[in-house]
Peer 1: 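The following block contains the structure, expressed as structure tokens.
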Amino acid sequence: MDQQQQQLSTPETRSLPNVLLCGTPSTGKSTLAAALLDSLGDDRFTYHNVGDIAKQHACFDEWDDEYECHVLNEDLLLDEMEPLMVNGGCIVDYHGCEFFPERWFDLVVVLRCSTDILFDRLQARGYNKKKLSSNIDCEIFQTIADEARDSYNPDIIIELDSNTTQDMTSNIDKISTFINNWVAARNSQSN
């Protein structure tokens, strides 16, 4: 598929939905993605950790000493990801969401977590005080949820709690139901 065809790919041209899992770091995106893929049991779906893609393809501008992380070059990253998104079936995991093209996703899941639980998870990751505090503030002020609402059609956004294993089970059921309904609707349109 050439670059022009890739740019024209839309939800209407995909055979499977693309799902974005976003939320403050440590809300359980990667864990949910792995469990979701296992639950779907369909090898047409693939997992894409945006941080891993950025590392693999050096999509960084610089290092941020204060937050002890790389500064993402969004344009380079989007160029690397575009071919992955074309046919659908992508489960994408990243803390932010506002820079991805709206046309890429059929469902945007914002994971939410109680700040007490989130604090413990971030501390277990060894986040420095500044980074930990910033991420807790991000969750308190619903930064990622606001980004999603500002960037995507509200009909494709769902916010889900991610505090317990019961939450994860419920979240897998909700996302799987969306995927199954999306595929069924697509199949009925093509008949």
Side-chain angles (χ1 to χ4, degrees), residues 1-14 16-34 36 45-113 118 122 125 127-128 130-160 162:
M1 193 173 280
D2 68 21
Q3 187 68 20
Q4 184 176 7
Q5 288 173 311
Q6 287 177 358
Q7 291 175 352
L8 297 176
S9 295
T10 65
E12 293 75 30
T13 63
R14 286 194 281 278
L16 293 170
N18 287 329
V19 177
L20 174 61
L21 303 177
C22 59
T24 305
S26 289
T27 53
K29 299 174 296 296
S30 300
T31 303
L32 176 61
L36 176 62
F45 285 90
T46 56
Y47 171 65
H48 301 284
N49 180 302
V50 174
D52 290 345
I53 294 169
K55 287 176 194 168
Q56 183 179 25
H57 298 283
C59 300
F60 301 116
D61 287 329
E62 60 195 46
W63 178 259
D64 184 323
D65 288 326
E66 184 177 16
Y67 288 99
E68 298 178 353
C69 64
H70 288 100
V71 176
L72 188 64
N73 182 317
E74 295 169 358
D75 291 332
L76 285 176
L77 176 70
L78 295 176
D79 289 345
E80 289 297 332
M81 290 186 65
E82 182 74 42
L84 303 173
M85 306 302 293
V86 173
N87 294 321
C90 296
I91 308 297
V92 177
D93 163 0
Y94 193 60
H95 59 269
C97 61
E98 81 282 356
F99 65 91
F100 296 114
E102 183 177 6
R103 65 184 166 77
W104 277 9
F105 298 106
D106 304 287
L107 180 65
V108 175
V109 178
V110 180
L111 293 182
R112 304 300 310 270
C113 187
L118 184 62
L122 292 168
R125 284 187 172 189
Y127 278 28
N128 68 38
K130 174 79 173 169
K131 192 172 181 178
L132 195 148
S133 176
S134 177
N135 281 292
I136 293 294
D137 287 348
C138 182
E139 189 64 17
I140 290 169
F141 294 113
Q142 303 180 41
T143 303
I144 306 303
D146 287 345
E147 285 179 4
R149 286 189 287 270
D150 290 344
S151 302
Y152 299 95
N153 179 329
D155 294 339
I156 70 165
I157 302 167
I158 57 173
E159 292 183 47
L160 301 174
S162 183

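For reference, positions follow the sequence shown, starting with 1.
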Peer 1: Is the side chain of Lys29 donor-acceptor paired with the backbone N or O of Thr24 at a distance under 3.5 Å, no angle test?
Peer 2: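 Yes; at least one donor-acceptor contact below 3.5 Å.
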
Peer 1: Ile53 and His48: side-chain contact (heavy atoms from CB on, under 4.5 Å), yes or no, with the steps?
Peer 2: CA-CA 7 Å; Ile53 294 169; His48 301 284; 3.9 Å; yes

Peer 1: Nearest 0.5 Å, please: how far is NE2 in His95 from SG in Cys138?
Peer 2: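 It is 8.0 Å, given to the nearest 0.5 Å.
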
Peer 1: Aromatic rings His70 and Phe60: how do their planes relate, parallel, tilted or perpendicular, breaks at 30° and 60°?
Peer 2: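 Rings of His70 and Phe60: parallel, under 30°.
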
Peer 1: Taking Asn153's backbone N and O only, do any of them form a donor-acceptor pair with Glu102's side chain (distance below 3.5 Å, no angle check)?
Peer 2: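 Yes; at least one donor-acceptor contact below 3.5 Å.
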
Peer 1: Say whether, by atom type as modelled, one donor and one acceptor occur between the side chain of Tyr152 and the main chain of Phe105 under 3.5 angstrom.
Peer 2: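 Here the side-chain-to-backbone pair does not exist.
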
Peer 1: Restricting to non-hydrogen atoms, name the atom on Asn49 and the atom on Gly51 that form the minimum distance, rounded to 0.1 Å.
Peer 2: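 Scanning both residues completely, I find the closest heavy atoms to be OD1-N, 2.9 Å.
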
Peer 1: Distance check, rounded to the nearest 0.5 Å: Thr31 atom OG1 versus Leu111 atom CG?
Peer 2: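 With rounding to 0.5 Å, OG1 (Thr31) is 10.0 Å from CG (Leu111).
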
Peer 1: For the side chain of Asp106 and the backbone of Asn18, is there at least one donor-acceptor N/O pair under 3.5 Å apart?
Peer 2: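 Such a contact is found between Asp106 side chain and Asn18 backbone.
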
Peer 1: Run through Asp93, Leu36, Leu21, Val92 and flag the one making a side chain to side chain contact (heavy atoms under 4.5 Å, CB included) with Tyr47.
Peer 2: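 The passing option is Asp93.
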
Peer 1: Using every non-hydrogen atom in the two residues, find where Pro25 and Asn135 come nearest and quote the distance to one decimal.
Peer 2: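 Between these two residues, the closest heavy atoms are CD-OD1, 3.0 Å.
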
Peer 1: Would you call Pro17 and Leu107 a side-chain contact if the rule is heavy atoms closer than 4.5 Å?
Peer 2: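 With C-beta onward as the side chain, the pair stays apart.
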
Peer 1: Atom CZ of Arg125 and atom CG of Leu132: how far apart are they, to the nearest 0.5 Å?
Peer 2: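 So the gap between those two atoms works out to 11.0 Å.
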
Peer 1: Where is the tightest heavy-atom contact between Glu147 and Cys97, given as atom of each residue plus distance?
Peer 2: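 So the minimum-distance heavy-atom pair works out to OE1-N, 3.6 Å.
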
Peer 1: For Glu139, is there any backbone N or O sitting under 3.5 Å from a side-chain donor or acceptor partner on Arg112?
Peer 2: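 Confirmed, Arg112 side chain pairs with Glu139 backbone.
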
Peer 1: Could you walk me through whether Met85 and Phe100 pass side-chain contact (heavy atoms from CB on, under 4.5 Å), step by step?
Peer 2: CA-CA 11 Å; Met85 306 302 293; Phe100 296 114; over 6 Å; no

Peer 1: So, do Tyr94 and Leu72 sit near enough that their side-chain heavy atoms are less than 4.5 Å apart?
Peer 2: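 They are in contact (side-chain heavy atoms under 4.5 Å apart), so the answer is yes.
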
Peer 1: Looking only at non-hydrogen atoms, find the nearest pair between Cys113 and Ser162 and report the distance.
Peer 2: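 Heavy atoms of Cys113 and Ser162 come nearest at SG-O, 3.7 Å.
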
Peer 1: Are Lys55 and Glu80 close enough for a salt bridge, meaning some N to O gap below 4.0 Å?
Peer 2: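 Not counted as a salt bridge, because no side-chain N and carboxylate O are separated by less than 4.0 Å.
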
Peer 1: If I compare all heavy atoms of Ile91 with all of Ala33, which pair ends up nearest, and what's the gap?
Peer 2: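 What the structure gives for the nearest pair is CG2-CB, 4.1 Å.
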
Peer 1: Which value, rounded to the nearest 0.5 Å, describes the distance between Leu20 atom CG and Trp104 atom CH2?
Peer 2: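 Rounded to the nearest 0.5 Å, the CG-CH2 separation comes to 10.0 Å.
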
Peer 1: Could you check Met81 against Cys90 for side-chain contact (heavy atoms from CB on, under 4.5 Å), going step by step and ending with a plain yes or no?
Peer 2: CA-CA 10 Å; Met81 290 186 65; Cys90 296; over 6 Å; no

Peer 1: Are the side chain of Asn73 and the backbone N or O of Asp61 linked by a donor-acceptor pair below 3.5 Å?
Peer 2: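 A pair under 3.5 Å: no.
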
Peer 1: How long is the span from the CD1 atom in Ile157 to the CG atom in Asp150, to the nearest 0.5 Å?
Peer 2: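 Rounded to the nearest 0.5 Å, the CD1-CG separation comes out at 8.5 Å.
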
Peer 1: Might you point out which heavy atoms bring Cys22 and Ile144 nearest each other, and give the distance in Å?
Peer 2: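 Shortest heavy-atom contact: SG-CG2, 3.9 Å.
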
Peer 1: What's the spacing between Phe99 CZ and Glu74 CD if we round to 0.5 Å?
Peer 2: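 The CZ atom of Phe99 sits 5.0 Å away from the CD atom of Glu74.
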
Peer 1: May I have the step-by-step check of side-chain contact (heavy atoms from CB on, under 4.5 Å) for Gln142 and Arg149, ending in yes or no?
Peer 2: CA-CA 11 Å; Gln142 303 180 41; Arg149 286 189 287 270; 3.5 Å; yes

